[in-house]
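Notes for the one structure printed next.
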Amino acid sequence: MNKILVWSITAAMAGFLFGFDTVVISGADKQLQELWGTSDAYHGIVVMTMALWGTVAGAILGGIPTNRLGRKTTLIWIGIFYVISALGSAFANDPVTFAIFRFLGGVGVGVSTIAAPTYVSEIAPAKDRGRLVSLYQFNIVLGILIAFLSNYLLRNTGAEPWRWMLGVEAIPAVLYTFFVFFVPRSPRWLISKKKYEEAEKVMKIINPDEDIKQKMTEIKEQSEVKLSGENIFLRKYRFPLLLAFLIAFFNQLSGINAFLYYAPRIFEEAGLGVSTALLSSIGIGVVNLLFTLLGVFLIDRLGRKQLMLFGSIGYIISLGLVAAAFFFNWGGLWIPIFLFLFIASHAIGQGAVIWVFISEIFPNHLRASGQSFGASTHWVLAAIIPALIPYLFSTIGAGYVFAFFTFMMFLQLLFVLFIMPETKGKSLEELSEELSFK
């Protein structure tokens, strides 16, 4: 189990870079707009969210290298993309060059949401799978916290602090790329490529008490189905496809990425000063980390569905209060407090569950493609929604934006209650049998 934990943590470090890369831009937000004199629309769509468009491309296409090159090789390339992106964006002198390098980092993020959860789900024993795959989400929120903290500490560094904020990401990116060379390849991927001897060695480490020959035969039988040219859009996979779409759809319609991208701006809209807004952002990172830890602890005990239920109710309460605070001009620390509750609800619900759940519901030979579909849905919305935030805040106002997010979380609650199945404690092969129509 110790080796599996080390391998899982190493692969999940891609999540740290995902979290850091996604949020580090928030500290540079207003500096870049003032430096390059861009309009709200140009700043939102090109400068701030170009990384997210890269993430969309990575999520759509990431299933290809994950299947062909393998989970491990893809994870190595993700690290290389992050290093290039961090250094390139830090040295950029115009918005177009900056956007290109941010796009490359986004590609790394998008592919990591496929390769890392897929890899960990395939090396994890069923009883620990939720906890081990959710280490990816834990690393995401750790990266978010470190990015907020880094932005705060570097806010007065040099004439252009934003260059330091973005460039420092190269350090963890190099470390991650080095460590991932030492993890084994996924046994289920190896079996799909008929590399049985290597797969057997890894399987013996993962499940030493199991009949390895029988388990490999079971995995082989599912892998061989791919010879018939199956894809995730066949009618028999309609239910897992719907599940992947809905959980990703509701994840972003909570407003989570819009909030993480513009946390300092939202706090300033609520009347806090610049330094206080950056400091409040660190508080968001701490709350996110603590409640993600709680989610990781509970996901294999209470199950995915129960955590989603808690999160949905918390979303509705917190987002409703944030909307009310903007409508009725509640000053002081009310909005930060309500947003802390929002982040806690996300961390213990959608945050802990989404990547675990999507990595479980598709059969072995279609897992990377299914993960790609779910991640693509997630990231298309994650690109569109933050891009609209500066415009929506300046036109209809923050109150109406948060009221809309509240309504969408009522719909998520209905999805959890009436559609979402429980997946805890079942092998990937069992879930494939249960969720696919014959």
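The model shown is predicted, which means the values in this text are computed figures rather than measured ones.
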Verdict with reasoning, W355 to H378, per ring-ring contact (aromatic ring centres under 6.0 Å, His included): CA-CA 11 Å; W355 305 118; H378 174 279; 5.1 Å; yes

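- In summary, the aromatic rings of W379 and F18 are positioned with their centroids under 6.0 Å apart.
- Side chain of D300 to main chain of R131: a donor-acceptor pair is present (N/O by atom type, distance under 3.5 Å, no hydrogens or angles).
- Judged by distance alone, the side chains of D94 and T97 do bring a donor and an acceptor atom under 3.5 Å apart.
- When all heavy atoms are compared, the tightest approach of I212 to M203 is CD1-O, 3.5 Å.
- Environment of CZ in F291: sparse, with no more than 12 heavy atoms of neighbouring residues, nucleotides or ligands closer than 6.0 Å.
- Under the 3.5 Å distance criterion, with hydrogens and angles disregarded, no donor-acceptor pair is assigned to the side chains of Y315 and Q350.
- Side-chain contact between M409 and S254 is present, with heavy atoms from C-beta onward closer than 4.5 Å.
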Worked verdict on F91 versus W164 for ring-ring contact (aromatic ring centres under 6.0 Å, His included): CA-CA 9 Å; F91 287 105; W164 292 92; 9.2 Å; no

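- The environment of CZ in F81 is sparse: at most 12 heavy-atom neighbours from other residues, nucleotides or ligands sit within 6.0 Å.
- The closest side-chain donor-acceptor pair between N288 and H346, if any, does not fall under 3.5 angstrom.
- Within the 4.5 Å cutoff, side-chain heavy atoms of Q33 are placed close to those of D40.
- Residues R188 and E429 are paired through a salt bridge, judged by an N-O separation under 4.0 Å between the basic side chain and the carboxylate.
- Here the rule is salt bridge (Lys or Arg N to Asp or Glu O under 4.0 Å) with E200, and of K213, K220, K215 only K213 fits it.
- In this structure, K72 fails the cation-pi test against F182, since its NZ or CZ atom is not both closer than 6.0 Å to the six-membered ring centre and inside 45 degrees of the ring normal.
- Within the 4.5 Å cutoff, side-chain heavy atoms of I146 are placed close to those of F20.
- L175 CG: more than 12 foreign heavy atoms inside a 6.0 Å radius.
- Looking at every heavy atom in both residues, A124 comes nearest to L132 through CB-CD1, 3.7 Å.
- Counting non-hydrogen atoms of other residues, nucleotides and ligands closer than 6.0 Å to CH2 of W36 gives a total above 12.
- Using a 3.5 Å distance cut-off with no hydrogens or angles, the side chains of Q306 and E422 do not pair a donor with an acceptor.
- With rounding to the nearest 0.5 Å, the separation of CD1 in I78 from CG in L75 is 5.0 Å.
- Looking at R155, its side chain does come within 3.5 Å of a backbone N or O of Y152 through a donor-acceptor pair.
- Across all non-hydrogen atoms, the minimal contact from T113 to Q371 is O-NE2, 3.0 Å.
- The existence of a salt bridge linking E360 and K426 is excluded, since no basic side-chain nitrogen approaches an acidic carboxylate oxygen closer than 4.0 Å.
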